[in-house]
Amino acid sequence: MVDSPNQSKNRVGIEITATALIGVVISENDAILSTISVAVPDEESTLPQLIGLVGQFKNEFAGFDRIGIAVPGLVDRATGRVALSANIPKHTEVDLVRSIKAAINMDVVIENDANAAAYGEYCCGAGRGSQNLFYATLGEGVGGAFIFGGKIWRGASGFAGEFGHVPINSEGTRLEDVASAANIIRRTRSRFHQDSTSSLGKLNEKEIRLEDIIMAASGEDGFAEMMLERTGIYVGTAVASVINLLNIEKIVVGGEIMQAKHLVLDAIVERAEELSFEPSFASTSIVAGELGADAAAVGAAFISGQPVD
């Protein structure tokens, strides 16, 4: 049974992406009461639209006095500011927490989007019941996050989990160089004219999207399947390093590419098994995320209800 929206311990989380705000409200009993996605046309619109979204939640749901914000980029825990953001570079030029707090008169907790998504999956997604997990997200970028003993592990200065920077070959190619959305598209374009039977050939090469590749693969397009399976092999290579180093209990894979479901996941698991220490692989579960595009916002909501560390 879903809680009444008037109960006293609702939690709100919002993920800021380059193109949208994704917001959720979670009840005292961890039920998701509301989810919403609002398109953001440009960076200058982000703060006004975020304020409007919080106001909407205030009108509809009572009982929250702090919000969690998930952002793409590295968050400096000492300053509470974004230290580096490839997707929204302007975030490094402003104090998001102070700006948002001043605008809505409410406490704000900011967190890296991969950390937030990992915590969301841990609390009420594919990571339920585990104490130690690694979360990998494959979308606009490639990110990662660790949960140890039920808590986000951020490393010495808050920058742990940069999965996209893991090298996957002796030339120093990083995982993000081949497994981010833009680079999957780049690799697909480089072979675009080598398979005349692919349904992708009907599209304008310059306008092809990851969504198109996934859709073609779901229709058993052999070329599209091959490109996504190869992506899974690259990811599995990096996942094996995590397994060998940490003997992690569970690995959850999320992000846009997981719309391809087992086509990618099976390749990840197969490659990870090839390269992992056998006893460590046997004790690791590799699964797809359950929260989809809402994972980071859900995690941000749960984080907003935690004591500030």
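In this chain, residues are counted from 1 in sequence order.
- Separating the OG1 atom in Thr46 from the CD1 atom in Ile51 is a distance of 11.0 Å, to the nearest 0.5 Å.
- Looking at every heavy atom in both residues, Glu121 comes nearest to Leu291 through OE2-N, 3.0 Å.
- For Arg98, the CZ atom counts as loosely surrounded, since its 6.0 Å shell holds 12 or fewer non-hydrogen atoms of other residues, nucleotides or ligands.
- Note: the hydrophobic cluster containing Leu265 also contains Leu175 (ILVMFWY, side chain heavy atoms under 4.5 Å, direct or indirect links).
- A side-chain donor-acceptor contact under 3.5 Å links Asn169 and Thr173.
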**Q.** side-chain contact (heavy atoms from CB on, under 4.5 Å) evaluation trace for Asp113 with Glu15
**A.** CA-CA 7 Å; Asp113 55 358; Glu15 179 188 11; 4.0 Å; yes

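- Between Glu211 and Arg209, at least one side-chain nitrogen of the basic residue sits less than 4.0 Å from a carboxylate oxygen of the acidic one, meeting the salt-bridge criterion.
- One hydrophobic cluster holds both Met106 and Val108 under the rule that ILVMFWY side chains link at heavy-atom gaps under 4.5 Å.
- The environment of CG in Asn59 is crowded: more than 12 heavy-atom neighbours from other residues, nucleotides or ligands sit within 6.0 Å.
- Under a hydrophobic-cluster definition in which Ile, Leu, Val, Met, Phe, Trp and Tyr are linked whenever side-chain heavy atoms come within less than 4.5 Å, directly or via other members, Ile69 and Phe57 are assigned to the same cluster.
- When all heavy atoms of Ile26 and Ala301 are compared, the pair lying nearest together is CD1-CB, 3.7 Å.
- Between Leu50 and Val38, the closest side-chain pair of non-hydrogen atoms is not below 4.5 Å.
- Salt bridge Arg11/Glu28: absent, no basic N to carboxylate O contact under 4.0 Å.
- You'll find the side chain of Arg189 reaches within 4.5 Å of the side chain of Ile185, heavy atoms only.
- Follow the hydrophobic side-chain contacts under 4.5 Å out from Met215 and you never reach Ile208; the two are in separate clusters.
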(Q) Does Glu290 form a salt bridge (Lys or Arg N to Asp or Glu O under 4.0 Å) with Arg128? I'd like the steps, not just the answer. (A) CA-CA 10 Å; Glu290 296 179 1; Arg128 287 188 305 270; 3.3 Å; yes

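- Remark: the backbone N or O of Ala31 is not paired with any side-chain donor or acceptor of Asn29 at under 3.5 angstrom.
- Leu203 contributes atom CG, which lies 8.0 Å from atom OG of Ser198 (distance to the nearest 0.5 angstrom).
- Looking at Val298 and Cys124, their side chains come closer than 4.5 Å, going by heavy atoms from C-beta outward.
- Looking at heavy atoms from C-beta onward, Asp107 lies in side-chain contact with Lys101 at the 4.5 angstrom threshold.
- Checking Thr237 against Arg271 by side-chain atom types alone, a donor-acceptor pair falls below 3.5 Å.
- Taking both residues in full, the closest heavy atoms of Ile22 and Ala297 are given as O-CB, 3.4 Å, listed atom of the first, atom of the second, then distance.
- When all heavy atoms are compared, the tightest approach of Val109 to Ser304 is CG2-CA, 4.5 Å.
- When all heavy atoms of Ala224 and Ala217 are compared, the closest pair comes out as CB-N, 3.6 Å.
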Q: Walk me through it: do Ile286 and Ile243 pass the test side-chain contact (heavy atoms from CB on, under 4.5 Å)?
A: CA-CA 10 Å; Ile286 305 175; Ile243 294 172; 4.2 Å; yes

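- Taking the six-membered ring for Trp and thresholds of 30 and 60 degrees, Phe302 and Tyr119 have ring planes more than 60 degrees apart, a perpendicular arrangement.
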Q: Would you sort out whether Leu33 and Phe61 count as a side-chain contact (heavy atoms from CB on, under 4.5 Å), showing the intermediate values?
A: CA-CA 9 Å; Leu33 300 177; Phe61 301 92; 3.8 Å; yes

Could you go through residues 246-259 and list every donor-acceptor pair under 3.5 Å that involves a side-chain atom there, pairing it with any protein atom two or more places apart or in another chain?
unit_1, atom_1, unit_2, atom_2, d
Asn247, ND2, Ser283, OG, 3.0
Glu249, OE1, Gln131, N, 3.1
Glu249, OE1, Asn132, N, 3.2
Lys250, NZ, Ala126, O, 3.0

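- Nearest heavy atoms, Asn112 versus Val75: N-CG2, 3.7 Å.
- Listed for the Asp221 side chain is a donor-acceptor partner under 3.5 Å among the backbone atoms of Ser199.
- The closest side-chain heavy-atom distance from Thr17 to Val40 is not below 4.5 Å.
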**Q.** Pair Val235-Ile168, side-chain contact (heavy atoms from CB on, under 4.5 Å): steps then yes or no
**A.** CA-CA 9 Å; Val235 176; Ile168 58 168; over 6 Å; no

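- For Phe134, the ring-ring contact (aromatic ring centres under 6.0 Å, His included) partners are Phe146, Phe163, not counting sequence neighbours.
- Criterion: ILVMFWY side-chain heavy atoms under 4.5 Å apart, direct or through other members. Under it, Leu228 and Ile233 are not part of a common hydrophobic cluster.
- A distance of 8.0 Å separates CG of Leu96 from CG of Leu47, quoted to the nearest 0.5 Å.
- The shortest distance between side-chain heavy atoms of Phe64 and Lys58 falls below 4.5 Å.
- A donor-acceptor pair under 3.5 Å is formed between the side chain of Thr231 and the backbone N or O of Met227.
- Interatomic distance, Glu270 CD to Glu229 CD, rounded to the nearest 0.5 Å: 9.0 Å.
- Here the CG atom belonging to Asn244 is positioned 8.5 Å from the CZ atom belonging to Phe277, to the nearest 0.5 angstrom.
- Proximity of Val24 to Val12: side-chain heavy atoms (C-beta onward) are nowhere separated by under 4.5 Å.
- In this structure, the side chains of Arg187 and Arg191 stay at 4.5 Å or more apart for every pair of heavy atoms.
- Side-chain atoms of Ser180 and Asn183 form a donor-acceptor pair, as typed in the model, at a separation below 3.5 Å.
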